[in-house]
Amino acid sequence: MTVPSIETARIWQRPLRNVEPGLTDRELDAVEARFGFRFAPDHRVFLAAGLPTGPHWPDWRHGDPEELREQLAWPVEGTLFDVRSNGFWYPRWGPRPEDASERERVARAALASVPQLVPLHGHRYLPPAPFGPGHPVLSVYQTDIIEYGHDLADWLRVEFTNMPGNRKTRPVFTVPFWSYFVVGDPESTVTTPHDPTATTAAEAVEYLRMLALERLVGRQVYDDQLITAGLVADALGVDAPSPPRLARLPEREHDQAVPLFEQVLAELRFSDSLPADDTDLPYERARWELVRWWLRLIVDGGLRASTGISVITHGGWAPLAYPESLRPLIDLGPERLSPDTLSRTDLARAAVTEARRLLAGPWPPPPYSPSEPAEPSEPAAPCS
């Protein structure tokens with residue numbers, strides 16, 4: 001891809017509300033020298049054409065240097081958080097140390113040499129030069145890292161015009177480490193941090209199905225989550241031989257959790273009932289089922305609202321090609337909403353309200369304009 005002209009970049013910026021005169025070459029050089037990176041060629045032209053201002057836009061001209069450094073550090077610090085708290089480990093770092101402090105030390109040392117992602121808008125980032133022009137824009141929230149636009153122009157279209165992305169163009173992402181999340185198997189590193197909310201045998205069966213769907217679409221499900229599902233199924237009286245065995249699996253035999261879980265699925269006749277990958281989008285029907293489950297967890301308290309919205313954004317909304325029906329919920333997420341707009345309590349209430357509205361309508365929800373909500377219907381019955 002060639003570097004866009006200033007005139008082309010100004011056309012891209014037309015949907016933006018507040019754009020100041022662009023950064024001069026001297027200003028751009030000063031930013032790069034101060035913070036120790038180089039803007040990708042298209043990013044540099046974009047900022048030279050005009051400097052977007054307002055919430056979420058980094059102010060490269062007058063911004064607080066410490067705030068800008070925090071934005072630059074966000075991708076690495078978020079990755080380290082998942083190393084500490086959520087079990088993430090990059091395969092190329094070698095064997096995963098048993099000691100938590102040693103894991104963080106190894107990860108921090110390795111991350112010191114990865115390319116510096118450069119903030120574009122909120123949690124959207126571009127790789128630096130020499131990568132580009134034309135590299136995908138990433139949405140970065142800890143290790144929930146997804147392509148949010150095939151390039152800068154495509155991202156602006158998706159983010160600010162509500163138009164669908166250009167699904168015909170698939171550039172090759174070649175940035176060391178970060179490309180793992182885009183062209184590798186990013187969902188294999190991500191698990192849903194939730195608490196079970198099942199209170200009946202039918203809900204326990206649905207819970208087993210949802211974990212099966214998460215594994216089906218490539219999301220990480222840990223052995224202890226499978227064992228917990230067995231405990232829930234056993235406690236709530238699910239009629240199958242293997243849930244008690246899964247529930248009582250000794251720690252030294254946790255490597256048997258997956259085979260036992262698959263045996264449970266066979267006993268419940270899930271093997272032939274999980275959605276096939278036979279639609280235009282990968283595992284489209286399975287992902288819609290998962291979105292409905294994640295919404296229920298938000299309503300029932302099994303997922304924190306902000307975490308649940310992030311899970312739906314990365315595990316549902318993006319892989320489903322950004323359906324407009326989910327946008328009102330996505331717009332409440334920490335990646336898109338200014339922290340000053342709503343308090344945490346108000347955010348949680350708004351998220352629960354929107355989740356309930358989605359669950360009360362037809363499923364999957366049809367496309368609609370936020371100003372013209374879909375007509376409500378009876379709540380969808382749990383999957384069995």
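Keep in mind that the numbers below use all heavy atoms, side chains included, and drop hydrogens, waters and symmetry copies.
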Inset, instruction - Decide side-chain contact (heavy atoms from CB on, under 4.5 Å) for Gln71 and His123; before the verdict, give the C-alpha distance in whole Å, the side-chain angles of both, and the deciding distance to 0.1 Å. - result: CA-CA 8 Å; Gln71 287 178 283; His123 297 308; over 6 Å; no
Legend entry - Intermediate values then yes/no, side-chain contact (heavy atoms from CB on, under 4.5 Å), Asp82 and Asp144: CA-CA 10 Å; Asp82 275 2; Asp144 277 344; over 6 Å; no
Inset, instruction - Evaluate the ring pair (Phe, Tyr, Trp, His ring centres under 6.0 Å) criterion for residues Tyr125 and Phe131: first the C-alpha distance (whole Å), next the side-chain angles of each, then the deciding distance (0.1 Å), finally the verdict. - result: CA-CA 13 Å; Tyr125 285 77; Phe131 305 103; over 10 Å; no
Inset, instruction - Please step through side-chain contact (heavy atoms from CB on, under 4.5 Å) for the pair Asp151 and His135, ending with a clear verdict. - result: CA-CA 5 Å; Asp151 54 31; His135 264 290; over 6 Å; no
Inset, instruction - Decide side-chain contact (heavy atoms from CB on, under 4.5 Å) for Leu126 and Leu117; before the verdict, give the C-alpha distance in whole Å, the side-chain angles of both, and the deciding distance to 0.1 Å. - result: CA-CA 6 Å; Leu126 272 173; Leu117 293 184; over 6 Å; no
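Annotation: the span from Ile145 atom CD1 to Ser139 atom OG amounts to 9.0 Å, rounded to 0.5 Å. Taken from CG in Leu213 to CG in Leu290, the straight-line distance is 5.0 Å, to the nearest 0.5 Å. Atom CZ of Arg287 sits about 10.5 Å away from atom CD of Glu284, to the nearest 0.5 Å.
Between Leu329 and Ala351, the shortest heavy-atom contact is CD1-O, 3.8 Å. In this structure, Val217 and Ala286 approach most closely via the heavy-atom pair CG1-CB, 3.9 Å. The nearest pair of heavy atoms linking Leu265 to Ala212 is CD1-CB, 3.7 Å. Among all heavy-atom pairs drawn from Ala198 and Val232, the shortest one is CB-CG1, 3.9 Å. Heavy atoms only, all atoms of each residue included: Trp288 and Pro365 are closest at CZ3-CD, 3.6 Å. Ala233 approaches Ala204 most closely through the heavy-atom pair CA-CB, 3.9 Å.
Surrounding CG of Asp239 are at most 12 heavy atoms belonging to other residues, nucleotides or ligands under 6.0 Å away.
Classification of the His43-Phe46 ring pair by plane angle, with boundaries at 30° and 60°, yields tilted.
Side-chain contact check for Leu80 versus Glu77: some heavy-atom pair is nearer than 4.5 Å. Tyr90 is not listed as a side-chain neighbour of Val83, based on a closest heavy-atom distance of 4.5 Å or more. With a 4.5 Å cut-off on side-chain heavy atoms, Leu138 and Arg124 do not count as touching. Put simply, the side chain of Val31 does not reach to within 4.5 Å of the side chain of Leu28, judged on heavy atoms. Between Asn86 and Thr143, every side-chain heavy-atom pair lies at or beyond the 4.5 Å cut-off. Side-chain contact check for Ser306 versus Leu332: every heavy-atom pair is 4.5 Å or farther apart. Under the 4.5 Å side-chain criterion, counting only non-hydrogen atoms from C-beta, Phe261 is not in contact with Pro243. In this structure, the side chains of Val45 and Ser5 stay at 4.5 Å or more apart for every pair of heavy atoms.
Between the Arg292 side chain and the Pro364 main chain, no donor and acceptor come within less than 3.5 Å of each other. Formation of a donor-acceptor pair under 3.5 Å by the Trp74 side chain with backbone atoms of Arg69 is not found in this model. Judged by distance alone, the side chain of Arg96 and the main-chain N or O of Arg103 form no donor-acceptor pair under 3.5 Å. Judged by distance alone, with hydrogens and angles left aside, the side-chain atoms of Asp300 form no donor-acceptor pair with the main-chain N or O of Gly302 at under 3.5 Å. The closest donor-acceptor contact from the side chain of Asp42 to the backbone of Val3 lies at 3.5 Å or more, if one exists at all. The closest donor-acceptor contact from the side chain of Glu267 to the backbone of Ser242 lies under 3.5 Å. Of the possible polar contacts, none joining the Gln256 side chain to the Leu249 backbone as a donor-acceptor pair under 3.5 Å is found. Judged purely by atom type and a 3.5 angstrom limit, Glu159 has no side-chain atom pairing as donor or acceptor with the backbone of Leu156. Side-chain atoms of Glu354 never come within 3.5 Å of backbone atoms of Arg349 as a donor-acceptor pair (strictly under, hydrogens ignored). Panel note: side chain Ser113, backbone Ala110; a donor-acceptor pair is recorded below 3.5 Å.
Proximity of the aromatic rings of Trp155 and Phe160 is defined here by a centroid distance below 6.0 angstrom, and this criterion is met. Taking the six-membered ring wherever Trp is involved, the centroid distance between the rings of Phe39 and Phe37 falls below 6.0 Å. Aromatic ring centres of Tyr141 and Tyr148: separated by at least 6.0 Å.
In the model, Gln142 has no side-chain atom that pairs as donor or acceptor with a side-chain atom of Thr79 under 3.5 Å. Residues Ser310 and Thr313 have side chains that never bring a donor and an acceptor to within less than 3.5 angstrom of each other. Side-chain contact, His194 with Tyr207: a donor N or O sits under 3.5 Å from an acceptor N or O.
Placement of Leu246 and Val258 within a single hydrophobic cluster is found when ILVMFWY residues are connected by side-chain heavy-atom separations under 4.5 Å, directly or transitively. When hydrophobic clusters are built by joining Ile, Leu, Val, Met, Phe, Trp and Tyr residues whose side-chain heavy atoms come closer than 4.5 Å, directly or via intermediates, Val76 is grouped together with Val140. Cluster membership check: Leu231 does not share its hydrophobic cluster with Leu268, using side-chain heavy-atom separations under 4.5 Å among Ile, Leu, Val, Met, Phe, Trp and Tyr.
One finds a salt bridge joining Asp278 and Arg285 here, because a Lys/Arg side-chain nitrogen approaches an Asp/Glu carboxylate oxygen to under 4.0 Å. In this structure, Glu206 does not pair ionically with Arg209, as no charged nitrogen and carboxylate oxygen lie closer than 4.0 Å. The residues Arg296 and Glu203 are annotated as not salt-bridged, no charged nitrogen and carboxylate oxygen being separated by less than 4.0 angstrom. Salt bridge annotation for Glu32-Arg38: absent, with no cationic side-chain nitrogen under 4.0 angstrom from a carboxylate oxygen. Salt bridge Arg26/Asp29: absent, no basic N to carboxylate O contact under 4.0 Å.
Checked against salt bridge (Lys or Arg N to Asp or Glu O under 4.0 Å), Arg245 has no partners two or more places apart in sequence or in another chain.
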